[in-house]
Amino acid sequence: MKFHETRRILVTGGAGFLGSHLCDRLVAQGHDVLCLDNFFTGSRRNIAHLLGRPNFELIRHDLVQPILLEVDQIYNLACPASPIHYQHNPVKTIKTSVMGAINMLGLAKRVHARILQASTSEVYGDPLVHPQPEDYWGNVNTTGPRSCYDEGKRCAETLFFDYHRQNGVDIRVVRIFNTYGPRMHPNDGRVVSNFIVQALSGRDITVFGDGSQSRSFCFVDDLIEGLMRMMNAPPDFIGPLNLGNPDEFTILQLARKVVDLTGSSSRINFDPLPQDDPLRRRPDIRLARERLGWQPTVDLDSGLKQTVAYFRESMASNSGAGAVEK
Ligand code: NAD
Ligand code: UDP
């Protein structure tokens, strides 16, 4: 990379699952990377290998509080993403989405940085349109247990577009669909990590409902490539943009795949479906294909194999039992 292309890049939530993979890619490209995290769901282990690098810096900070930094680009990823974690302290989840967005947009405005928001497919709620294109406005409950996350992210999108219209802030908004891979938190309750940890430790696989609800799973490397392409896309292309893998599977199909791939003796158990659990979800990624030339390259089987290998290793180094320390 040429010297003039080196940028100072802030990654909020940089010690989390997606954030740490993004930091890896940006550090490898030679950028000066500032990783900001309060370690609510993120872990030092995810970024330990970067700590000695001269172009990587770690800041322990809660995004609900303002912070002054000099940067050229901001990837705003800080927010708990799994239902168990974002419902642990719902008021804090909304504060992180809304006040975090205000603080980062204020920073972007002051230092003229480009800022990308990690929004979510949850802005579509329990969708009445399938697959979901970006111009679908969604079907979201404002008062349910998932609302702190869904509405927090919707409000953040609104803030991004208002700072853009009102203050000329250079924004990007990406709606991320279910993404999985190495460094997912083993106990965060998301379906892929749950099933793999359960299968590897021989416990029952907990399918919620009858398992006929669907999701479309994107491998982390594909997602990070999409985020970086969007950040560096032409100035007129600000989103919102769907990023995800359009291959759709039922949760029962996923459970069977994980049992097969791990060779586990675990049985599949059916537990009650959580309130407001979306029935189906699949991204329409035509816009990403057309504007970024982006589409996923890793299919579910090969992505799951890499993820199983990661959990096998980290569970072995934590002497098994499914408890992987932070
Ligand atoms: P994650 O929980 O692993 O990462 C979130 C990170 O943000 C963690 O490191 C956490 O400690 C940090 N954080 C949380 N609150 C904070 C605060 N107040 N101040 C500073 N740091 C804080 O989750 P992830 O899967 O890596 O998700 C990253 C982003 O992508 C989130 O914004 C999430 O909403 C979004 N997203 C992820 C998915 C997915 O499938 N992984 C899907 C849609 C959207
Ligand atoms: N799920 C499940 N068993 C689990 C965890 C999740 O059946 O142990 C289901 C959950 O009810 C949902 C789907 O898997 O229908 C995806 O859940 P996740 O929390 O990973 O993501 P989200 O619901 O936010 O898309």
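No hydrogens, no waters, no symmetry mates; every other heavy atom, side chains included, goes into these values. In each ligand, atom 1 is the first atom listed, and ligand 1 is the first ligand listed.
Each of the following atoms of ligand 2 lies closer than 4.0 Å to a heavy atom of Asn194: 4 (C), 5 (C), 8 (O). Each of the following atoms of ligand 2 lies closer than 4.0 Å to a heavy atom of Gly189: 5 (C). Residue Gln213 approaches ligand 2 through these ligand atoms, each under 4.0 Å from one of its heavy atoms: 9 (C), 11 (O), 15 (O).
Within 6.0 Å of NE2 on His49 lie more than 12 heavy atoms contributed by other residues, nucleotides or ligands. Within 6.0 Å of CD on Glu313 lie no more than 12 heavy atoms contributed by other residues, nucleotides or ligands. Other residues, nucleotides and ligands contribute only 12 or fewer heavy atoms inside 6.0 Å of the CZ atom of Arg286.
Residue contacts with ligand 2, taken as heavy atom pairs separated by less than 4.0 Å, involve Arg190 via backbone and side-chain atoms alike. By the criterion of a heavy-atom distance under 4.0 Å, the side chain of Asp277, and not its backbone, is placed next to ligand 2. The part of Lys153 lying near ligand 1 is the side chain, judged by heavy-atom distances below 4.0 Å. At a 4.0 Å heavy-atom cut-off, ligand 2 touches Arg146 through the side chain alone. If you look at Val192 next to ligand 2, there are no close heavy atoms at all, none under 4.0 Å. If you look at Tyr149 next to ligand 1, the close heavy atoms, those under 4.0 Å, all belong to the side chain. Residue contacts with ligand 1 for Ile176 involve both N, CA, C or O and side-chain atoms from C-beta outward (heavy atoms, distance under 4.0 Å).
Annotation: atom 18 (N) of ligand 1 to nearest protein heavy atom, Asp62 OD1, 2.9 Å. For atom 12 (C) of ligand 1, the closest non-hydrogen atom of the protein is Asp37 OD1, 3.4 Å. The protein heavy atom nearest to atom 8 (C) of ligand 1 is Thr41 OG1, 3.2 Å. Looking from atom 19 (N) of ligand 1 to the surrounding protein, the closest heavy atom is Leu63 N, 2.9 Å. Scanning all protein heavy atoms for the shortest distance to atom 17 (C) of ligand 1 gives Asn38 ND2, 3.3 Å. When only non-hydrogen protein atoms are considered, atom 39 (C) of ligand 1 lies nearest to Arg190 NH1, 3.4 Å. What sits closest to atom 40 (O) of ligand 1 on the protein, heavy atoms only, is Thr179 N, 2.8 Å. Among protein heavy atoms, the minimum distance from atom 30 (O) of ligand 1 is reached at Leu18 CD1, 3.6 Å.
Comment: Glu57 does not engage Arg8 in a salt bridge, judged by the lack of any side-chain N to carboxylate O separation of less than 4.0 angstrom. Salt-bridge formation is detected for the pair Arg172/Asp170: a Lys NZ or Arg NE/NH1/NH2 atom is positioned less than 4.0 Å from an Asp or Glu carboxylate oxygen. Ion pairing between a basic and an acidic side chain is recognised when a charged N comes within 4.0 Å of a carboxylate O; Asp24 and Arg53 show no such pairing. Note on Arg154 versus Glu151: salt bridge recorded, some NZ/NE/NH1/NH2 to OD/OE distance being below 4.0 Å. A salt bridge does not link Asp37 with Arg44: every distance from a Lys NZ or Arg NE/NH1/NH2 to an Asp or Glu carboxylate oxygen is 4.0 Å or more. With respect to Arg175 and Glu122, no salt bridge is recorded, no charged nitrogen being found less than 4.0 Å from a carboxylate O.
At a 3.5 angstrom cut-off on N or O pairs, Ile251 does not count as close to ligand 2. Residue Arg281 has at least one nitrogen or oxygen atom sitting less than 3.5 Å from a nitrogen or oxygen atom of ligand 2, judged on distance alone. Considering backbone and side-chain atoms alike, Ser121 places every N or O at 3.5 Å or more from each N or O of ligand 1. Inclusion of Thr120 in the set of residues having an N or O under 3.5 Å from an N or O of ligand 1 is not warranted. Where the criterion is an N or O separation shorter than 3.5 Å, residue side chain and backbone included, Asn178 fails it with respect to ligand 1. When only interatomic distances are considered, the shortest N/O to N/O separation between Val191 and ligand 2 falls below 3.5 Å. For ligand 1, none of its N or O atoms has an N or O atom of Gly19 under 3.5 Å away. No N or O atom of Leu36 sits closer than 3.5 Å to an N or O atom of ligand 1.
Taking the six-membered ring where the residue is Trp, His85 and Phe40 present perpendicular rings, their angle passing 60° and hence far from 30°. The aromatic rings of Tyr180 and Phe217 sit perpendicular, their planes meeting at an angle over 60°, well past the 30° parallel limit.
Looking only at distances, a side-chain donor or acceptor of Arg229 sits under 3.5 Å from a matching main-chain atom of Gly293.
At least one heavy atom of Ser119 sits under 4.0 Å from some atom of ligand 1.
Atom 5 (C) of ligand 2 has its nearest heavy-atom neighbour, among Tyr149, Phe217, Phe195, Phe208, in Phe208. Nearest to atom 5 (C) of ligand 1 by heavy atom, out of Cys79, Gly42, Ala156, Gly16, is Cys79. For atom 31 (C) of ligand 1, the choice among Leu77, Asn103, Leu243, Val174 with the nearest heavy atom turns out to be Leu77. Within the set Ala81, Gly152, Ser82, Gly13, the minimum heavy-atom distance to atom 27 (O) of ligand 1 is found for Ala81. Among Thr120, Asp188, Thr206, the residue whose heavy atom lies closest to atom 3 (N) of ligand 2 is Thr206.
Rounded to the nearest 0.5 Å, atoms CE (Met230) and CG (Asn232) are 11.0 Å apart.
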